[in-house]
Each structure stands twice: as C-alpha cells, then as structure tokens.
Amino acid sequence: MSRRPWRLIAALVITAAATACTAGNQSPADSGPKAEAPQTIEVWHGWSASHEVKAFEDAIAGFHRLHPNITVKLVKGQDDTKILNAIRSGNPPDVVSSFSTNNVGQFCSSGALQDLTPYLKKDKVDMAMFPKAVQDYTQYKGDRCTMPLLADDYALYTNKALMKGNQPPKTISELTALAKKLTVRGADGTIKVAGFLPSVTYYEHVPEHLATTSFGGQYLNAQGRANFATDPAFTKYLQWEKSLIDWYGYDNVKKFVHSMGQEFEASNPFEKGKVAMAIDGEWRTKFMEDEAPKVQYDTTPTPVDDARQNTYGGGFVTGTIIGIPRGAKHAQASWEFVKYLTTDTDALVTFANGLGNVPSTIPALASPNLKLPAQFKTFLDVFKNPNSTTIPSTINGGDFVVKFQSFVQDQWEPGKVPDLQKGLQGLDKKVNDSLQLAGG
Amino acid sequence: MAAALPVRSVTASRARRRHRLRVLAFMSPWLIGFALFFAYPLAATVYFSFYRYNLFQLTPIGLTNYRFLFKDPYAWQAIKNTLWLVVVMVPLRVLFGLGLAQLLSKIKRGGSILRSIFYLPFLIPPVAATVAFVFVVNPGTGPINGLAAKIGIHLPDWFNDPTWTKPGLTLLALWGIGDVMIILLASLLDVPKSLYEAAAIDGANAWQQFRRITLPTISPVLMFSAVTGVIQTLQYFTQAMVAANASQGNADQAGTTTAPGYPDGASLTFPQTLYNEGFQQFNMGYACVLALVLFVVAMFFTLVLLRQFHAFGDDD
Amino acid sequence: MAGTTVATPRIPARRAPAPRGSRGRNRRFLYWVATHAIAIALALMFLAPLIFMFLTAVMSGNETLSGGLWPRSWHWGNFGTALTTDNGVMLHWLLNTLIYAVLATVFMLVSSIPVAYALARFRFRGRKLAFVLVITTMMLPPQVTIVPMYIMWARFHLTGTLWPLIIPMLFGDAFSIFLLRQFLMTIPKEYADAARVDGCGELRTMLRVILPMARPAIAAVALFQFFYAWNDYFGPLIYTKPESWTLAVGLSTFRAAHHVEWNLTMAATLLTVLPVIIVFFLAQRVFIQGVTLTGVKG
C-alpha cells in the first residue's frame, strides 16, 4: 500500500481527536430561553403508582396558573442510573428528581446537576425554611445542587390483629421476643406469618434503617473513611440480626423472602397480613389506605438497642431530591418549577397529602391543611426528633451502602463469615479503596 | 492482474497509480472505520487510563487506576468467574457440540429437522433465551424444576444460589450450542469417506475410526471452536447480566443500587465489571484499565488463532 | 491457506461395508434405534424451554405461580396485553429494533462488500496486514474500545439514540468483510477476467459479475447482521435511553416491571423470539451455509 492512506489515517485520527476534545461544552447557569417564554419542560421523577402520579399532577396545578407559558411534561418511573445516563449523553431532561439521596455527592461534585446557589441568591430564597437534616442531605461540601422535595422517614408498622394485644416494642430485646412470639410456622418449619424479618433482603430492612437508627452506627469516621470495623454498633447490629435469622432458619427466611410479593403493590406482605411488624416509610400509610383499607395497624418509632433507650423517638430520615441537570435546555423555566415545587406551601401540602409523604419545609409541616391518617403523626414526630439520622454524602454515592448491604446479604446472613471483625476490616478496606479511586 | 506487459514506464506508473486509487477507493470504508472506531479509541483508552474521568472532570492521576486493579474485589471475582467459564463451559461446549454433530452425521432420515431443532436455540435473542431459561428452571414456579421435583429429583435454585449460578449459565450455553455444532458437523461431513472405508476393511471399530481418522482431520476445527469459545467467554455479558437481573427480581427498585453479579458476585464477568465501573459508577479512567486488560488477553488468543490458521491468508 | 468450507452440510449416504449375517444386521438395527432415540430425546430437551415458554405465556397470572405445567384455561389475550401494556411500549421497542437492524444491515452491505472484494481480488501491498487487522477487530471484544467510543458519541450528542450503533456500519463490519472475502476467494478468477476483457470497469465487474455469484454469501451476512442487531444487548444498553430502547433492552426490564406476572413476561419473550424463528425456517439454508463459512479449515 502506498504511503498516502497512512497519511489519510493520521489526518483522520487527528481530526477525530481534535473534535472530541473541543466539541460541546456545557451551558452556563442563565442560558436558554427566559422563563417567560412559551416552552415545554421535561421533568423526570421516580413515582410510578397511579395515586402517586396523580398527586404530582395535582401539586403542579398551581404552577400552571402561575406560569401558563410553561408546559410541564412529567415522565414517571426514572431512577438514578437513567438520570445519570441522560445527563452524560448531553441530552438531559430539564428537571430530574430522585428518591435516593445516595448520589447527591456524585451529582454535585461531578457537576451533573447544576449548583443552584446563583438562582437561590437571585430569588432570595431563605434556606432556613428547611430543617437542618434536610438542608444537609441535599448538598455536598457546600455545593447545593439539589433541593428537597418532600421527605421520608421510617418507623415501625404493627399489624393490630397479628399483634394479639401486645404493645409495639420499644427496644430491640422487646422486638426480638415479640418477633419470636408472633411468628407462625408450618409443620416443616417454613414461615407462614413472620413476627419480624430481620434480613436485609426484606424491603426496607436495609442496614441503614436499623444499624444507624437503632444501634447508632456511624458509617464514616471524621476523615470520611469507612467505620464498619471500628464502630462496635455494627457488630452488635449484625450479631442481633444473625441470631434472629438463625432462629427462623436461614433457608426458611430465604424462601419467605423469595415468595413475598412486590413492595409497592397490594401483594406487599405487610398489607397481606404475612408479617406482624415491619420497618417502613411514611408513604406506606397511603398505600394502606389505597390497597389494604381493612387492615388495622399502628405506627411507633423504630425500636432501639436496649443500651440506647434515651434515643427512642428518632428514625432514619431521607427524602426525594430535585435538581436541574447540566445541559438542561430550559434552565430558567426549570428553576421556576423547582422553586415552586420545593418552597410553595400549598404545593407541598397538596403533594404530601396525595403521596402520604412528609412535607419538607417548616411552614408546610405546620400547615393546617395537612390531611393525613392518624398513623402519620409518628412520622412527623420522628422527622422533628433530634435523634433522627440520615446517610452521609460521599463522592461515589451510596457505594458504601451497597458494599455493606452485599456483605450482610451475601456473606454474613448465609454464615460465610467465620471472623466478623476480620470481615468488617476487609469491608472497610474495599470501601476506602473505592472512595480513593473516585477521588474522595 | 499486474501481468508484466512490455509497456513504457510512464504508462506503467500511471496504471500503478490508477490501481492504487482503485484499491484505496474500495478499501476506504474500512480504512476510515478502522481509524475512527478502532485505532483512535484504542489509543484513547490508553490515554484515559491515566486519568480520573467521569465525563465531567478530567484529572490526571498517574498510575492510580492501575494500582486499584490489584485491590478491586469485583475485578478479581470477575477474573475467577471467567476462568471457571473458560475451564468448564468452553470444553463442555466443544465436547457437546462434537457429540451432537457426530450424532447428526449418523442420522439419515429426519436429520435436517433435528439439525434445525438443535440449531434453533442459538438464534433466540440471548436476552429472551436467558429470561425464558431463568423462568423454566426457577425452583418456585419453574416447570422444569417442578417436573423434576415430581419425579423426586430436587434441582438446585440455579440463579439464586452462588454455587449453581455458573453451572446454570453453562446449561444455558449448552442449550445454545448451535454455532459450534454446525461448524463441527460440516467438518465431520468433510472427512473423506474413503478413509473410513479403508479403516473398516482393516477391521477398525467405531471408536478406533473416530480416534484415528475423525479426530485428526477435524482437530483444526475443534481448535478453532475452542479458541473462539475462549474469546467469546472473555466478552460474556448479556446472559450473565440478564440472568442476574431476572432472578433478582424484587431488588430492582428505583433509587436502590445493588452490588453487581447477583448472587454474591457469582455471575460477575469481566465486561460486566467494566460496564459497572464505566457506566454505572462512571469511573471511566478505571474502566479503561479494565478494557486494556481485556484487550491484552483477547489479543493473545487472537494471535493464537491467527498463527494457527496462518492468518487465513494465501498470498499466492 | 486451505480451502474454505462452502458446502452445505448434506447428510451423506455414507455406507460402510455391511457386516454380513443377521448378527451384524441386528447390531446395526440396535445402533440405529439407539442413535435415533438419543437424538429424539435430546431434541425434546432442546424444545422443552420453548414449549414451556409458550404454555406459560397463555396461562392466567395465578396459574404461573402455582407451578402447573399445562394451562387450565388458555389466555390468548396475554399476547395482546404484553403488546399494549404501558401504552404499547413493546411496539415502540419493536420499531426501534427494526430501525436499528434494517439500517445497520443496509449500511453494512454498502460498505463491506467493496472492502471484501478488494481483499479477495486486488493485489496490493499491505493486503495481508489489512486482512489480519480485519480478523483482529472481528475477534476483539467490543468492550475494549467502548469507553472512548461512548465519550466520542457523547461529545457529538448522539448518546441516547441508536446512531452510535448504526453509523459505524457505514464503515465496514469486520465479521461481514471476513465472511464475504472468504466466499469471494472461492469464485474462480476467470469470471472476473472475462468481464474485464469485455471492457467492464472494476466496479461494474463487481456489481454485474461477481456479486450475483456471491448472492448466498451476501444473504448470509445480511441475515447475520440483521440478527446481530436484533439480538444486540450490550450496544443499546450502553447508548440508548428508554425512548430509544430496543426489544432486547426493553425485555430485560420487563421482568422487573411486571415482577411475578410471568405469563406476561413469557408472552413478551415469545413475541421477541417469534420473528427469529420464522425467519430462520424461511432462510435456514442461508444461515447454515453462512455459519459453515466461518468455520475455516486449517
């Protein structure tokens, strides 16, 4: 072959490299059409049940009156992976919202979601309207790239009929005793009705809802490194968890978990009366109303370790977040939408009523228009309780949660960890290595 | 083409140039494609491997990505799983393919129908085949495990049990044996009949005929199947990923992320690790390191293949 | 190199010298019964998952959970439900899949045939190297270059669409080039020479003389490309967003979205498989010929 093609190839490679390095840099904060211009914004959210979708539509009715020029296109059922992919594609929706605060660190530090500070300053939004914990989980190291859109917290649901007159437990030892007492088994030991399933594979019994709230475990130390082996709370939690699983028999628990229905449908085992006690989010009250109106139940704060009874009343707090992706084409209108939805008391109250969620501003929490079932009061109290905890933000999102969950689920529960301390040290190392890789 | 004709050198050089241009014209799609979609990305992979890159910020970090490779539990798990598949699944596929081909070569009537039946599962879209397979062998409601239970055989909980996940994937791969089988069948039918006839006259039994005649004749094709099998295993992705997702089922809620390779990393393959790091975690620099590892290993086996077949090339 | 295997495997009437006497005949008969019995048993096992898939697809939702094998009542409506669920999202996936598969196939043919022709017919310096590189790119896992490719397409704002999967097909597909080249090598040179004597240019020689002879190989690569795109999971998983999902990606999420509704999941799966089965039985010869072409003898 003559030399010419190689020159051609070289030229092409250089062109490709050059275009790859210069093309497409992203828009600054105030690009795109003005908020007053007629336009359509696309909003991605994670809700999917029909009452949830309707609640969102109701909540933004006021926005349409306020900004008749902006048409809002809601896209349901989105999650963080889809959101991140869309942003990276350079073709993101105008507003995204996520159920999980896990990735706030990643969203903010990578610039995937725009820093909202300039907008907040311009419109003089007073951040003091949000409770402290809520302010925390929506930012990362001072970069506020998300706003809180309603909050969630967790407490213990008890099925009145299955409780057989027993009072809801307040401590872990009470919970354990009741769990055993209320369990109904088949002749072969299989679980017909579970008192309380401690396995992390049971929907909301993930470690962060128990290990931190009830046992007081701190995921990260002051240096932002994993703390699983050094904080004895995790060992205590794991030993309790495992001993109760062993009481049921690991295989029985596994079988029960595999056969239970779907979390967000009427087949949910608590709604079906297959478990007597379960930790769950405040939104379950709404699901109970819609899907299992006949089931009598109570809610009380999550039971705590016997040694930490002074912290009773708190719970795990998190929330839905909402932000504007980098590269959004209607950033101005998007901000108007985000501002309205996260700060307008009426919108929040309507939305909270529709979803059975906790409103995320102090004025909305105090609103007389909040119409929620009696069981909901527990969640409002937990939300305000100073002992409530949330999850720390890291640069690689919920990686430490994922790794801890997989350690508990795949190693610890099946009994593959002979030396717990060693196992947790290994876990710490893995978490720290990944943090380091991501630049944390 | 370039038959040496006694022509004047000017004409000759013009003809040569014409020929070059023609070659260039015909080859140009590939030349451009090779540069744009292979050479450039490969070079870029090396470049990005020295950076921390999440598609937003590019930070040079020297060898940090390479160092992490040795600490990455997922990568090592994936390497172990890949080795398992190379050692167990690849030979089983070749042997099973050979067995089926041998069987088919013995059947006269109805052979083509059987051949189609054995070939068919290979064509089923892998996602569909995997979803269906996970369902039919799932222990709770799957018909195959259910049927086996009725006759007293308790099959394992294939895709929920770390011990049985890879055997389950192997079964799935044996179901889709079509490609290996057809190639081996073609080569079996290519063995000259006269050789068998001569051997039969010498009184060689079936095994001896197979051992002495069939095997030596088809061994290059067996080798081809084995090496391409290894290369395919290096890029094994769809089935493992879909089987994990389909069997995991209820852990698929919005907002929650789970560790890759359900259950307990048993289905984690190397490309999956790459996908997870590059496109879930967006550690794109580190994903490039994984890509380079994959490149080196795959290149090694490609060279084995090229050597064996002398680059498939005749430069007569 | 050695010859390539182009022949369709035909079941040969191989006849070993018949052993004499009834003992021999008995043994041959037993052998015949044994091979056929094994083959039929294996064939049933190969079909079993497909049969169960179908039976489950027509069951009621509750029945799929009871572990029954035969549907108590036949719910043909499940196929319609699978197609129309979520506002007919499956039809949307089907459309995306067709766009991807058809465009990729057409583009691949346009770009790969000339390259294969050049590699098979022209003599030029670097030909061997080019062919070796074609094989190398064919063999290397697509994941090797995926990260920079993704970054490149993201810069062009084409991620989230199917274009990153379609556009490269305009620049030749290694596997198709390889396969076509192998076939073109088997066409005797004399045909092309005759055409050239008749005054045909190289392009016309290719289009008028060689390509019609290479029709089986072209059909084979076209089918392979079509099915590759139809089945592709990795590519669309990386590049597409829900609006541009193909059947493969969509189907993988179907189970999570419909959880225990195995009947719907199986109906959707079957609907994805069906076109493949139909095309296979229509174009069986082409397929098997094509696969055989890839298995090169040493």
Side-chain angles (χ1 to χ4, degrees), chain A residues 1-2 4-5 8-10 12-13 16-17 20 46 48 77-81 84-85 87-88 98-100 102-103 106 109-112 201 203 206 254-255 257-264 326 396-399 401-403 405-406 409-411 414 416 426 429-430 433-434 436-439, chain B residues 16-17 20-21 23-24 27-28 31-32 34-37 39-41 43-44 47 52 54-57 59 61 64-65 67-68 71-74 138-141 157 160-162 247 249-266 277 279-283 285-286:
Chain A
M1 190 188 292
S2 77
R4 214 170 313 163
L8 179 71
I9 293 171
L12 280 167
V13 171
S48 56
Q78 303 297 321
D79 60 35
D80 285 9
T81 309
L84 277 165
N85 272 322
I87 299 174
R88 280 166 222 272
S98 164
F99 286 163
S100 159
N102 286 0
N103 290 321
Q106 207 175 355
S109 67
S110 66
T201 54
Y203 309 122
V206 291
K254 209 166 88 171
K255 208 178 241 170
V257 169
H258 277 305
S259 67
M260 65 192 183
Q262 199 173 11
E263 182 175 7
F264 297 107
R326 153 197 197 136
N396 58 357
D399 179 66
V401 180
V402 170
K403 288 208 164 80
Q405 167 101 20
S406 117
Q409 171 183 320
D410 299 328
Q411 307 287 321
K416 290 185 197 162
K429 195 176 166 311
K430 284 180 200 170
D433 287 343
S434 290
Q436 211 187 348
L437 179 74
Chain B
R16 252 203 316 274
R17 191 176 310 152
R20 271 187 205 151
L21 275 176
V23 167
L24 196 57
M27 290 293 290
S28 60
L31 286 173
I32 297 170
F34 182 79
L36 267 184
F37 303 121
Y40 159 66
Y47 174 80
R52 174 181 299 132
N54 56 14
L55 264 187
F56 300 119
Q57 300 145 311
T59 322
I61 51 168
T64 306
N65 287 327
R67 274 197 290 269
F68 184 73
K71 301 189 263 189
D72 182 4
Y74 295 142
N138 95 69
T141 56
D157 187 351
N160 286 310
D161 183 340
S247 52
N250 61 24
D252 217 33
Q253 292 304 331
T256 56
T257 32
T258 46
Y262 176 86
D264 195 10
E277 288 295 344
F279 299 93
Q280 306 280 124
Q281 309 292 322
F282 288 95
N283 291 322
Y286 178 59

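Quick note on labels: first sequence line is chain A, next is B, and so on, each numbered from 1.
Residues A/Gln411 and B/Asp264 bring a donor and an acceptor atom of their side chains to less than 3.5 Å of each other. Checking B/Tyr262 against B/Asn160 by side-chain atom types alone, a donor-acceptor pair falls below 3.5 Å.
Neither the backbone nor the side chain of A/Lys255 comes within less than 4.5 Å of any heavy atom in chain B. In this structure, the portions of A/Ser434 lying under 4.5 Å from any heavy atom of chain B include both its backbone and its side chain. Both the backbone and the side chain of B/Asn65 have a heavy atom closer than 4.5 Å to some heavy atom of chain A. Looking at B/Asn283, only its side chain comes within 4.5 Å of chain A, counting heavy atoms on both sides.
With A/Gln436 contributing its side chain and B/Thr64 its backbone, the two residues share no donor-acceptor pair below 3.5 Å.
To the nearest 0.5 Å, atom NZ of residue A/Lys254 and atom CD of residue A/Gln409 are 10.5 Å apart.
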